[in-house]
K.L.:
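Mind having a look at this structure? Questions to follow.
When reading the values below, keep in mind they use all heavy atoms of this one structure, side chains included, and skip hydrogens, waters and symmetry mates.
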Amino acid sequence: MLSHPGKIRSNNEDTVAFALPNGPGGAFHGDALLLVADGMGGHAAGEVASRIAADVLYRHFFAAAGRPVHEILAECFHQANAEIFEAGRQNPEYAGMGTTCTAIAVRNNCAWLAHVGDSRAYLLRNDELQQISEDHTLVAELVRRGSLTREEAAASPERNVILKAMGTAATVAPAIWNDGMALQPDDRLLLCSDGLSDLVTDTVMQELIASHAPLDACRALINAALDAGGHDNVSVGVFHLTDRIEAEDAADTVVERPTRRTEDAPDIDDTVSDRPTRRADTATGIGGAS
Ligand code: CA
């Protein structure tokens with residue numbers, strides 16, 4: 001995962017994090033958590049919100065290991081929402097702050113998505129890049145209702161108006177998969193903030209992910225966003241499942257396809273992480289999974 005402030009903004013309100021627990025011999029072992037959060041709010045409040053989201057998710061996810069993944073994710077999102085909302089209530093500088101949050105949990109060869117806002121998750125499988133998160137935006141909702149085409153949505157000046165965020169209200173209604181999506185060898189997962197997806201087409205994303213190792217793909221994707229203007233913070237994570245993950249138990253329901261519950265470059269540096277069991281941004285208070 002990498003995160004870059006972009007070419008216009010001096011601060012970076014995005015937070016990215018991942019934990020890929022290692023077992024003996026470096027084998028992938030246990031639950032994994034990957035996330036991107038894109039904060040919003042004045043006075044650096046966006047950074048605060050996205051970091052709280054990452055911190056709370058990490059803390060709660062691994063503290064609750066072993067229970068059904070969708071339940072853990074739901075608790076994580078509600079707890080993070082509550083903590084961001086409370087921090088905004090107590091500190092006038094942070095009033096109204098919020099964040100997107102797109103998280104993928106992996107257990108026993110399956111992936112679960114939990115999501116709120118307009119950051120995105122994609123799956124690259126068999127040369128096809130598919131967005132697996134639904135944008136919680138006004139234009140995406142209009143597309144779903146058939147009153148706007150995808151092309152019109154992508155060009156709309158209102159494309160960044162989001163309908164849901166974490167931390168802006170006392171409660172949140174995230175989209176969380178009840179059942180895991182079975183992963184296949186050679187699957188690649190992409191997480192990104194809108195600083196990437198606004199500026200780089202799916203076709204270019206797919207080419208860059210398919211032709212690079214994950215960290216190089218992150219660099220190439222960020223450079224593509226910077227070349228396209230880089231007007232926003234840009235965050236990206238690429239995960240390549242090179243082999244089957246050995247299942248440890250069968251406590252969770254697994255399906256072949258995702259099901260959704262909708263309640264409804266230059267200066268890439270300190271944000272780099274190329275080793276597992278380490279988060280990739282500058283937030284504090286998060287260590288490796290154990
Ligand atoms: Ca953004």
K.L.:
So if you build clusters from Ile, Leu, Val, Met, Phe, Trp, Tyr with side-chain heavy-atom gaps below 4.5 Å, do Leu215 and Met205 land together?
P.N.:
yes
K.L.:
Between Leu208 and Ala217, which heavy-atom pair has the shortest distance, and what is it?
P.N.:
O-CB, 3.8 Å
K.L.:
As an exercise, state the distance from CD of Glu83 to CG of Asp55, rounded to the nearest 0.5 Å.
P.N.:
9.0 Å
K.L.:
Might you work through the side-chain contact (heavy atoms from CB on, under 4.5 Å) test for His60 and Glu75, ending with a clear yes or no?
P.N.:
CA-CA 8 Å; His60 280 258; Glu75 288 172 13; 5.6 Å; no
K.L.:
Strictly distance-based, threshold 3.5 Å: is any side-chain N or O of Thr168 a donor or acceptor partner for the main-chain N or O of Gly98?
P.N.:
no
K.L.:
Under the 3.5 angstrom rule, does the side chain of Asn81 hit a backbone N or O of Gly167 as a donor-acceptor pair?
P.N.:
yes
K.L.:
Answer yes or no: does atom CD of Glu158 have more than 12 heavy-atom neighbours from other residues, nucleotides or ligands under 6.0 Å?
P.N.:
no
K.L.:
Would you check, one step at a time, whether the test side-chain contact (heavy atoms from CB on, under 4.5 Å) holds for Tyr122 with Asp202?
P.N.:
CA-CA 10 Å; Tyr122 292 84; Asp202 286 9; 3.4 Å; yes
K.L.:
Are Val16 and Leu2 side-chain neighbours, meaning at least one heavy-atom pair lies under 4.5 Å?
P.N.:
no
K.L.:
Is there a donor-acceptor pair under 3.5 Å between the side chain of His212 and the backbone N or O of Cys218?
P.N.:
no
K.L.:
Determine whether Phe85 and Ile162 fall in the same hydrophobic cluster, where Ile, Leu, Val, Met, Phe, Trp and Tyr are linked whenever their side-chain heavy atoms lie under 4.5 Å apart.
P.N.:
no
K.L.:
Let's go through Gln130 and Leu124 carefully: what are the C-alpha distance in whole Å and the side-chain angles of both, what is the deciding distance for side-chain contact (heavy atoms from CB on, under 4.5 Å) to 0.1 Å, and is it a yes or a no?
P.N.:
CA-CA 6 Å; Gln130 181 193 0; Leu124 176 59; over 6 Å; no
K.L.:
Can a donor-acceptor pair be found, under 3.5 Å and without considering hydrogens, that links the side chain of Thr137 to the backbone of Arg159?
P.N.:
no
K.L.:
Pairing donors with acceptors under 3.5 angstrom, does anything connect the side chains of Asn160 and Asp232?
P.N.:
no
K.L.:
Find out whether Arg120 and Leu190 are in side-chain contact, i.e. whether some heavy atom of one side chain is under 4.5 Å from a heavy atom of the other.
P.N.:
no
K.L.:
Would you mind reporting whether Ile104 and Val106 have side-chain heavy atoms less than 4.5 Å apart?
P.N.:
yes
K.L.:
Keeping Arg145 on the side-chain end and Leu142 on the backbone end, is there a donor-acceptor pair under 3.5 Å?
P.N.:
no
K.L.:
Quick one: does any side-chain atom of His78 pair with a main-chain N or O of Ala80 as donor and acceptor, under 3.5 Å?
P.N.:
no
K.L.:
On the 0 to 90° scale, with breaks at 30° and 60°, tag the Phe18-Phe239 ring pair as parallel, tilted or perpendicular.
P.N.:
perpendicular
K.L.:
For a quick check under 3.5 Å, do Asp187 and His240 share a side-chain donor-acceptor pair by atom type?
P.N.:
no
K.L.:
Please check this pair: side chain of Ser3 against backbone of Thr15, looking for a donor-acceptor N/O pair closer than 3.5 Å.
P.N.:
no
K.L.:
Quick check: closest heavy atoms across Asn233 and Glu13, and the distance to 0.1 Å?
P.N.:
OD1-N, 2.9 Å
K.L.:
Quiz question: by atom type and distance under 3.5 Å, do the side chains of Asp38 and Ser193 form a donor-acceptor pair?
P.N.:
no
K.L.:
Can any side-chain N or O of Asp14 pair as donor or acceptor with the backbone N or O of Val36 at less than 3.5 Å?
P.N.:
no
K.L.:
Report the residue from Thr100, Thr99, Val56, Ile52 that forms a side-chain contact (heavy atoms from CB on, under 4.5 Å) with Met166.
P.N.:
Thr99
K.L.:
Hydrophobic cluster membership, with links at side-chain heavy-atom distances under 4.5 Å among I/L/V/M/F/W/Y: are Leu196 and Val139 in one?
P.N.:
no
K.L.:
Give the intermediate values and the outcome of side-chain contact (heavy atoms from CB on, under 4.5 Å) for residues Met181 and Leu183.
P.N.:
CA-CA 6 Å; Met181 173 185 70; Leu183 293 169; 4.0 Å; yes
K.L.:
Determine the minimum heavy-atom distance between Leu57 and Cys101, stating which atoms define it.
P.N.:
CD2-SG, 3.8 Å
K.L.:
Please tell me if the side chains of Asp135 and Val143 come closer than 4.5 Å, counting only heavy atoms from C-beta onward.
P.N.:
no
K.L.:
Are Leu33 and Leu241 co-members of a hydrophobic cluster defined by side-chain heavy atoms under 4.5 Å apart?
P.N.:
yes
K.L.:
Hey, is the main chain of Ala182 close enough, under 3.5 Å, to the side chain of Asn109 for a donor-acceptor pair?
P.N.:
no
K.L.:
Please check if the side chain of Asn91 supplies one atom and the backbone of Glu93 the other of a donor-acceptor pair under 3.5 Å.
P.N.:
yes
K.L.:
Would you give the length of the straight line joining atom CG of Leu35 to atom OH of Tyr58, rounded to the nearest 0.5 angstrom?
P.N.:
10.5 Å
K.L.:
Is Met40 reachable from Phe77 through a run of hydrophobic residues whose side-chain heavy atoms are each under 4.5 Å from the next?
P.N.:
no
K.L.:
Taking the side chain as everything from C-beta on, heavy atoms only, tell me whether His136 gets closer than 4.5 Å to His115.
P.N.:
yes
K.L.:
Of the non-hydrogen atoms in Ala49 and Ile84, which two are nearest, and what is the gap between them?
P.N.:
O-CD1, 3.4 Å
